[in-house]
Amino acid sequence: MKQKISITLARILTLILSLTLIVGIGIAAFLLWSNFAPASASTSAPLIEFRSIESGEVVSIAVAIRGEHLTRAELWSDNQMIARETNPHPDLSNSWTVAWQWTPPGAGVFPLAARAFDESGRYGATTLVEVVMPPRGRLLFSSNRSGKYSLYSLAINSRETTLFSSSEDRQPSVSHSQMVAYARNQSGAWHIFTNALVPTQPTDLTPDLISAQRPAWSADGQHLAFEVTLTNTTNIFVTDARGNNRAQITHGDSYDGQASFSPSGDRLAFAAQQGGRWDIYSVNLDGSNLTRLTNDAAQDLQPAWSPDGNRIAFT
């Protein structure tokens, strides 16, 4: 009997010692892990939000950052860091406001993201925002804001608008040589005029015509295409920049117009109405190699060449 009790006590002591050992190992492992585990196991990543973005020649960005032991904040565009700010008080856990000023390298669309780091190297990041920097150029457009259609010049970056011409003018087209071609209604007749971007005395290229509209320059500024309507038919003509050497390019019996030069300048795309359907065609500058490019029930209009000359966009 005593022997059985001794065996039972021994088993109980063995069990207690085993449990004590397991618990001790667990506590030691926890303490070891606590000493060496990264801060990410116990703290959350910094939180960032964009507060304001103002675009001009210099972009101003402000972000608010929340987190513990924040050491620095960075501003990134694509995969390039463009600004960095160091936290002067990393021990404070209050919200940290960071403001940057950045000058973009030029015109374009710039995706921006902010990152904030704590002392252990963990970081939080914002979602991307995009800053659009327009080119420092001008747009020439027609508007009837004064009661009749006239041409206006608009500065893209400042939105400053000035009157370019006060006559009944529309459909401006600007060449790389800084010449403007446009359609002017003069005594009930439409003529093609040209003028310099800094307006001087305009030149009438089509004094003998009564319905010439929609001018379009070639890429080199040496040729000008436009459409002429005579006896209910509209066709495309091409002239040089001075209005000389005029040639009729298309000879349709309905409507051929809305011409667009290829980048090489030796071919035109245009919209044509044949049999009640509107499609896109192309033709060589001498009138040869007429090609129908679209053939569907929709109205296909207003073609425009891609810069490499391989594709044509249209409505």
Asn87-Thr71 side chain donor-acceptor pair, cut-off 3.5 Å: no

Does one hydrophobic cluster hold both Ile48 and Trp76, with members joined at side-chain heavy-atom distances below 4.5 Å? no

Measure across Ser306 and Asp308 and return the closest heavy-atom pair with its distance rounded to 0.1 Å. OG-OD1, 2.6 Å

Looking at Glu74 and Arg115, does any basic side-chain N land under 4.0 Å from a carboxylate oxygen? no

Thr294 vs Asp296, side chain to side chain donor-acceptor pair (under 3.5 Å): CA-CA, chis, key distance, verdict: CA-CA 6 Å; Thr294 67; Asp296 54 65; 4.7 Å; no

Is Leu163 atom CG crowded by more than 12 heavy atoms from other residues, nucleotides or ligands, each under 6.0 Å away? yes

Within a strict 4.5 Å, meaning less than it, do heavy atoms of the Val59 and Thr103 side chains meet? no

CG-CZ distance between Leu154 and Arg159, expressed to the nearest 0.5 angstrom: 7.5 Å

Kindly say whether Thr239 contributes a backbone atom to a donor-acceptor pair with the side chain of Asn244 at under 3.5 angstrom? no

So do the side chains of Val180 and Thr194 get within less than 4.5 Å of each other, counting heavy atoms only? no

Between Arg246 and Asp208, does any NZ, NE, NH1 or NH2 come within less than 4.0 Å of an OD or OE carboxylate oxygen? yes

Non-hydrogen side-chain atoms of Asp256 and Thr234 separated by less than 4.5 Å: no

hydrophobic_cluster_shared for Met179 and Leu224, side chain cutoff 4.5 Å: yes

Of the non-hydrogen atoms in Phe141 and Ser143, which two are nearest, and what is the gap between them? CE1-CB, 3.8 Å

Ala45 and Arg122: which non-hydrogen atoms are nearest, and at how many Å? N-NH2, 2.7 Å

Where do Arg170 and Tyr182 come nearest, in terms of heavy atoms and distance? O-CB, 3.5 Å

So do Asp266 and Asn284 actually touch side chain to side chain, heavy atoms under 4.5 Å? no

Output yes when a side-chain donor or acceptor of Asn144 lies under 3.5 Å from a complementary backbone atom of Gly147, and no otherwise. no

Please step through side chain to side chain contact (heavy atoms under 4.5 Å, CB included) for the pair Val109 and Val131, ending with a clear verdict. CA-CA 6 Å; Val109 180; Val131 172; over 6 Å; no

Asp286 (side chain) donor-acceptor with Ser288 (main chain) under 3.5 angstrom: yes

Please report the closest heavy-atom contact between Ser146 and Ser150, naming both atoms and the distance. OG-OG, 4.3 Å

Mind checking the CG-OH spacing from Asn232 to Tyr255? Nearest 0.5 Å is all I need. 14.0 Å

Under the side chain to side chain donor-acceptor pair (under 3.5 Å) test against Arg267, which residue among Ser260, Ser262, Ser282 passes? Ser282

Any donor-acceptor pair under 3.5 Å linking the side-chain atoms of Gln273 with those of Ser254? yes

For the side chain of Thr229 and the backbone of Glu227, is there at least one donor-acceptor N/O pair under 3.5 Å apart? no

So how far is it from Ile280 CD1 to Asp300 CG, rounded to the nearest 0.5 Å? 5.5 Å

Using only atom types and a distance under 3.5 Å, with no angle test, would you say the side chain of Gln274 pairs donor to acceptor with the backbone of Gly276? no

Check whether Phe226 and Trp190 end up in the same hydrophobic cluster, where Ile, Leu, Val, Met, Phe, Trp and Tyr are linked by side-chain heavy atoms less than 4.5 Å apart. no

Evaluate the side-chain proximity of Val238 to Leu285: yes if any heavy-atom separation is below 4.5 Å, no if none is. yes

Does some side-chain heavy atom of Asp169 sit less than 4.5 Å from a side-chain heavy atom of Tyr149? no

Is it the case that Ser165 and Ser167 place a side-chain donor and acceptor less than 3.5 Å from each other? no

Let me check something: do Phe237 and Phe270 share a hydrophobic cluster, defined by ILVMFWY side-chain heavy atoms less than 4.5 Å apart, either directly or through other members? no

Please report the interatomic distance OG(Ser211) to NE2(His191), rounded to the nearest 0.5 Å. 9.5 Å

Report the C-alpha distance between Arg292 and Asp279 in whole Å, list the side-chain angles of each, state the deciding distance to 0.1 Å, and finish with yes or no for side chain to side chain contact (heavy atoms under 4.5 Å, CB included). CA-CA 7 Å; Arg292 185 173 189 168; Asp279 285 294; 2.6 Å; yes

Residues Thr86 and Arg72: side-chain donor-acceptor under 3.5 angstrom: no

So, the side chain of Trp217 versus the backbone of Ser173: is there a donor-acceptor pair under 3.5 Å, distance only? yes

Evaluate Tyr152 against Phe164 for ring pair (Phe, Tyr, Trp, His ring centres under 6.0 Å), listing each step before the verdict. CA-CA 5 Å; Tyr152 293 83; Phe164 182 84; 9.9 Å; no

Donor-acceptor pair, side chain of Arg184 and main chain of Gln186, under 3.5 angstrom: no

Between Leu47 and Ile65, is the side chain to side chain contact (heavy atoms under 4.5 Å, CB included) condition met? List the steps. CA-CA 6 Å; Leu47 299 177; Ile65 308 170; over 6 Å; no

With a 4.0 Å cut-off, would you call Arg66 and Glu68 a salt bridge? no

Backbone N or O of Ala114 within a donor-acceptor pair of the Thr126 side chain at under 3.5 Å? yes

Residues Phe314, Gln258; criterion side chain to side chain contact (heavy atoms under 4.5 Å, CB included); working and verdict: CA-CA 11 Å; Phe314 58 94; Gln258 304 170 14; over 6 Å; no

Just wondering, do Leu112 and Ile61 contact through their side chains at under 4.5 Å, heavy atoms? yes

Enter the distance from Gln171:CD to Leu140:CG here, rounded to the nearest 0.5 Å. 12.5 Å

Does the side chain of Val283 reach to within under 4.5 Å of the side chain of Thr291, using non-hydrogen atoms? no

Between Arg138 and Glu160, which heavy-atom pair has the shortest distance, and what is it? NH2-O, 3.7 Å

Please say yes or no: joined through hydrophobic side-chain contacts below 4.5 Å, possibly via intermediate residues, are Tyr123 and Val63 part of one cluster? no

How many angstroms lie between atom CG of Asn295 and atom OH of Tyr281, to the nearest 0.5 angstrom? 7.5 Å

Looking only at the side chains, is there a donor atom on one of Asp253 and Thr233 sitting less than 3.5 Å from an acceptor on the other? no

Hey, does the side chain of Thr97 reach the backbone of Ala64 with a donor-acceptor pair shorter than 3.5 angstrom? no

Within 6.0 Å of NE2 in His176, more than 12 heavy atoms from elsewhere: no

Donor-acceptor pair, distance only, cut-off 3.5 Å: does the side chain of Asp204 make one with the backbone of Thr206? yes

Over 12 non-hydrogen atoms of neighbours within 6.0 angstrom of CD in Glu49: yes

